[in-house]
2 protein chains.
Amino acid sequence: MDRRGRQAEAARNDLRLLRAAHEVFTTQGFDAPVSAIAKAAGVGMGSLYRRYRTKEELLQRLCLIAMERAAAAAQDGLAEADPWDGLVLYIRTCVEFRSGALAPIAGTIEVTAEMWRLARLAEETADRLVTRAHEAGVLRSDVTALDISLLMEQFSRPAPGPPDEEHRKVRERLLTVALDGLRAPGATRLPGDPPSVEWYEGRWGKAP
Amino acid sequence: MDRRGRQAEAARNDLRLLRAAHEVFTTQGFDAPVSAIAKAAGVGMGSLYRRYRTKEELLQRLCLIAMERAAAAAQDGLAEADPWDGLVLYIRTCVEFRSGALAPIAGTIEVTAEMWRLARLAEETADRLVTRAHEAGVLRSDVTALDISLLMEQFSRPAPGPPDEEHRKVRERLLTVALDGLRAPGATRLPGDPPSVEWYEGRWGKAP
DNA sequence: ATATTGCGGAGCGCAGCGCTCCGTTACACT
DNA sequence: AGTGTAACGGAGCGCTGCGCTCCGCAATAT
């Protein structure tokens, strides 16, 4: 990892590329041009395409990382002693790095077996987090784990127009409002049936 | 309006065009191809471009209508006797027809004088609605009218992927959660400063 | 000095856009 | 019925902007 010379630069480039790709894709959407990632990373197209043979491959890598982070965030939430604080930590962390913005990518690209594995792991951990909050009576009973995933997705949705720091602050305010709405008991009964896992995963293509 | 023959068809086409444009642009984003609107309306490109000389003109018309509807919704909210119910009616109505999805268009197109006029009117009416709710003590005191506009915008944001009825239902559930979070008193203090009008309108280009 | 490796970015081929143009159709008028 | 006309649908033009390749160059290793 700490090799000298060009190998070190290569490793640095790889990281900058990943960071830039995350930033650009989550704020501009998946159809952002690859050249925008290269420019944001301060790297030439050649270097980008040596590491990732196609745009799809880059997106897959990005998704995988986002899933890892989401799973880790759920674990961190579980580690928290207080069930409510743990849940909030999980949600805030995921919205912070916009994991939800990458989830719907999956409809565009091929979902690898490893992605499915990680998705299932993250899903299961989040489920435990939500169940614990339910049992402690701190989370309104009519909201499901899937509702929360979709809430995070909604709050991660890229805004049109140029990237804007102010948007991030606004999102945090609104997320705080939404989190207050999640506390038990809900003032209003949630309308309609909760979303189904089949529908949720169906957007990603066929399960293995 | 109820003229016979071709003129009737023309009027019908105009309506279908507007409806289709609204549907497509709000669910797919502004860069949806014009041909998609024509197809969704069941109308040829020629007919579309006879009524609107450019895509921008169509978008302007659409924005104007959305603003009219938003202003009307705010009026309806004010007409409601209960301050909370009035506010909720306003928010739900606007999210229903996704007025917020059209607001950020304005950064893309030229904002006409009439659009500014209507925007100000809607803004002012919504302000009255929010103030009334504040004074009645039914709306948490740390949330501003602008926060609410941005909340509606967040919930109107187009989802990636193909249009999907299920998304609408999910949105309604999540909106219900958010509305519960708006009720006084907020469990958590909202972080940061409230968004400023200058920033909000600044995204539309220069004020007249 | 020479070989080798990774670098940046100009440019290729193409997909998909906004918009125009025109042959056809459906009605109004005599 | 015959004719003029207004509105129609949609193929296609010109062009932008994309994913991706290729190559001259700079930095290291030998």
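Computed from a prediction, not measured in an experiment: that's the story for all the values here. The figures here come from the full heavy-atom set of this structure, side chains too, leaving out hydrogens, waters and symmetry mates. Chain A is the first sequence line, chain B the second, and so forth, proteins listed ahead of strands; every chain is numbered from 1.
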A/Leu182/A/Asp147 under side-chain contact (heavy atoms from CB on, under 4.5 Å): CA gap, chis, key distance, verdict: CA-CA 10 Å; A/Leu182 281 180; A/Asp147 282 320; over 6 Å; no

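- B/Asp31 pairs by the side chain to side chain contact (heavy atoms under 4.5 Å, CB included) definition with nothing, not counting sequence neighbours.
- Within the cation-pi definition used here (under 6.0 Å to the ring centroid, within 45° of the axis), A/Arg69 qualifies as a partner of A/Phe97.
- Atom CZ of A/Arg12 and atom C1' of C/dC7 are 13 Å apart (whole Å).
- Within the 4.0 Å cut-off from OP1 or OP2 of D/dC8, at least one side-chain nitrogen or oxygen of B/Arg50 is found.
- The distance from atom CG of B/Leu17 to atom P of D/dG10 is 14 Å, rounded to the nearest whole Å.
- With salt bridges taken as basic N to acidic carboxylate O contacts below 4.0 Å, one links A/Arg140 and B/Asp180.
- For A/Ile37 and C/dG9, the CD1 to P distance is 16 Å, given to the nearest whole Å.
- Contact between the side-chain N/O atoms of A/Ser47 and the OP1/OP2 oxygens of C/dG6 is not found at any separation under 4.0 Å.
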Please enumerate all protein N or O atoms sitting under 3.5 Å from an N or O of nucleotides 14-18 of chain C, with distances to 0.1 Å.
from   : atom 1 : to      : atom 2 : distance (Å)
C/dG18 : OP1    : B/Lys55 : NZ     : 2.3
C/dG18 : OP2    : B/Val34 : N      : 2.7

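- Of the two residues near DNA chain D, A/Arg53 and B/Gly46, the one whose nearest nucleotide lies more 5' is B/Gly46.
- Side-chain contact check for A/Thr176 and A/Arg92: at least one donor-acceptor pair (N or O, by modelled atom type) lies under 3.5 Å.
- One interatomic measurement links the two molecules: CZ of A/Arg51 to P of C/dT5, which rounds to 15 Å at whole-angstrom precision.
- In the model, A/Asp85 has no side-chain atom that pairs as donor or acceptor with a side-chain atom of A/Tyr90 under 3.5 Å.
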